[in-house]
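Report on the structure given below.
Chain letters run A, B, ... following the sequence lines, proteins first and then strands; every chain starts at 1. Computation of the quantities below employed the complete heavy-atom set of this structure, encompassing side-chain atoms and omitting hydrogens, waters and symmetry-equivalent molecules.
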2 protein chains.
Amino acid sequence: MPRRGPNDGGEKRNRILRAAIRIFSQKGFFNSKVSEIARASGVADGTIYLYFKNKDDLLISLFEEKMGEMVADVRQRTAAGENAFAKLRIFMDNHMGLLEREAGLVEVLMVELRQSNKFLKDYVPVKFFEYLEVLGGILEEGKRQGIFRPDLNVSVMRRAIFGALDELCLTYVLSKKPKYHPSVSSAELFRVFAEGLCVPRPDAAGV
Amino acid sequence: MPRRGPNDGGEKRNRILRAAIRIFSQKGFFNSKVSEIARASGVADGTIYLYFKNKDDLLISLFEEKMGEMVADVRQRTAAGENAFAKLRIFMDNHMGLLEREAGLVEVLMVELRQSNKFLKDYVPVKFFEYLEVLGGILEEGKRQGIFRPDLNVSVMRRAIFGALDELCLTYVLSKKPKYHPSVSSAELFRVFAEGLCVPRPDAAGV
DNA sequence: CATCGATGAATGGCGATTCATTCACGAAAG
DNA sequence: CTTTCGTGAATGAATCGCCATTCATCGATG
């Protein structure tokens, strides 16, 4: 095993994070042993504690860093959309698309994040809120542009849309034999949401 | 402490289940100790094992029994709706209404159920699927009645609607100071979904 | 040789589960 | 009516395995 010098430029830390995603996504946080993650990332048990304070900290770091990347990514992608309508579509496609690019990550973020609020007494999922805000921003923009109903309750609907996407992702993640491609779900969801979200004028329904 | 004869008619078992809901909802399944549940239900640690095989079995029993009640209840309530449109509204209102009637239960079912699929290797949440099927049935009915788009993808949209409701519930459960009443969310969600779900004819938008 | 990342065996505590014992009650006997 | 058993629910202290975390030690590097 070659030695790459002190601190590796974070490469070892990343190996650990990647392994943690794999293990956590397979068995859940509480059923994952630190020693398994160590084995999976090819380091010693103790090494993990050189990079992370403890097991909780490993999970939280994973949340913040990976969610941070997701937020930066989705911001960039949605910015390319012509208007709020197109941006919403991009947002949805991107979210469902994560399933193919990072199935394990989606699973960890969505399943474990949900209860982390409770069991990590004072952890606030900052990056997750940012993700929601991206979605909320699109809705707000749509209202300003006259594309979405002016009386839309953004704080309710951004949650609702996220929840729908999240549940669809979960369905894929938990079923071994998916019926269709994630993009089918995303397209269907967009169609239904959009035609409800739009100001009800016959011409506003086109993509 | 008076003795009520053997087997109580299940009253002790119910005390345990109720306490488990309280404890699980507060701290999550993995952070809850069996001894806490025992204390909270006023029985000895060992007594729990007279009624349940083990800690996992306690959670699963809780799922199946309480979800079973929810399913029976929502079936009955939605049956009263004039048509699929009204039934969907009832379904949504009922779901959000659970927050007031059984906040703890909602929290356990929704947060823990999500990961139970993974960590309980062979548990299939039968009753949960039934709940989804009630929703799916409403959508199907709506298609037949010509109220919902004939090309609606029911298996996608029933998940999406459930996910939206679930996420909205979660928001309430996790925030100490909710901005508005659950019924506000339910009304908003219904409005947005319905006007997208309906066959796009100007007259179909009324409740 | 001093430094420091890495190691992995050992530790310590926690908590699910067990089981020997207690207790309350009804039945049977006197 | 009182006493004596037998039964099975209930108890809770003790057990036992597990696993996060530590730390004495190693060896590469400069």
Picking from D/dT11, D/dT21, C/dA16, which would you name as closest to the side chain of B/V34?
C/dA16
Do A/F30 and A/F24 have ring centroids that are under 6.0 Å from one another?
no
Consider the side chain of A/K55, meaning its heavy atoms from C-beta on, and name the nucleotide among D/dT21, C/dA16, D/dT11 that approaches it most closely.
D/dT21
Here the distance between atom P of C/dG15 and atom NZ of B/K27, to the nearest Å, is 9 Å
Between CG of A/D45 and P of D/dC23 the distance, given in whole Å, is 16 Å
So which atom in A/V156 and which in B/S185 form the shortest heavy-atom distance, rounded to 0.1 Å?
CG2-OG, 3.8 Å
Of A/F29 and B/T47, the one whose closest DNA chain D nucleotide lies more 5'
B/T47
The side chain of B/Y49 lies closest to which of these nucleotides: C/dT18, D/dC19, C/dG15?
C/dT18
Roughly how many Å is it from CD1 in B/I16 to P in D/dA9, rounded to a whole number?
13 Å
In whole angstroms, how far is the P atom of D/dA9 from the CZ atom of B/R15?
16 Å
In whole angstroms, the gap separating C1' of D/dC19 from CD1 of A/I37 amounts to 12 Å
Stepwise side-chain contact (heavy atoms from CB on, under 4.5 Å) test for B/D93 and B/R89:
CA-CA 6 Å; B/D93 284 345; B/R89 177 69 198 249; 3.1 Å; yes
Euclidean distance, atom CG of residue B/N31 to atom P of C/dA16 [Å, nearest integer]
10 Å
Is a donor from one side chain sitting under 3.5 angstrom from an acceptor on the other, for A/Y123 and A/D56?
no
Given C/dG15, is OP1 or OP2 found less than 4.0 Å from the side-chain N or O atoms of B/S35?
no
Could you state the atom-to-atom distance from NZ of B/K33 to P of C/dC14 in whole Å?
8 Å
Integer-rounded Å distance: D/dA20 C1' and B/F30 CZ:
16 Å
Answer yes when B/K127 and B/E130 have at least one side-chain N-carboxylate O distance shorter than 4.0 Å, and no when they do not.
yes
Nucleotide of C/dA16, D/dA13, D/dA10 approaching B/Y51 most closely (side-chain heavy atoms)
D/dA10
Compare side-chain N and O positions of B/K12 against OP1 and OP2 of D/dA10 and report whether any pair is under 4.0 Å apart.
yes
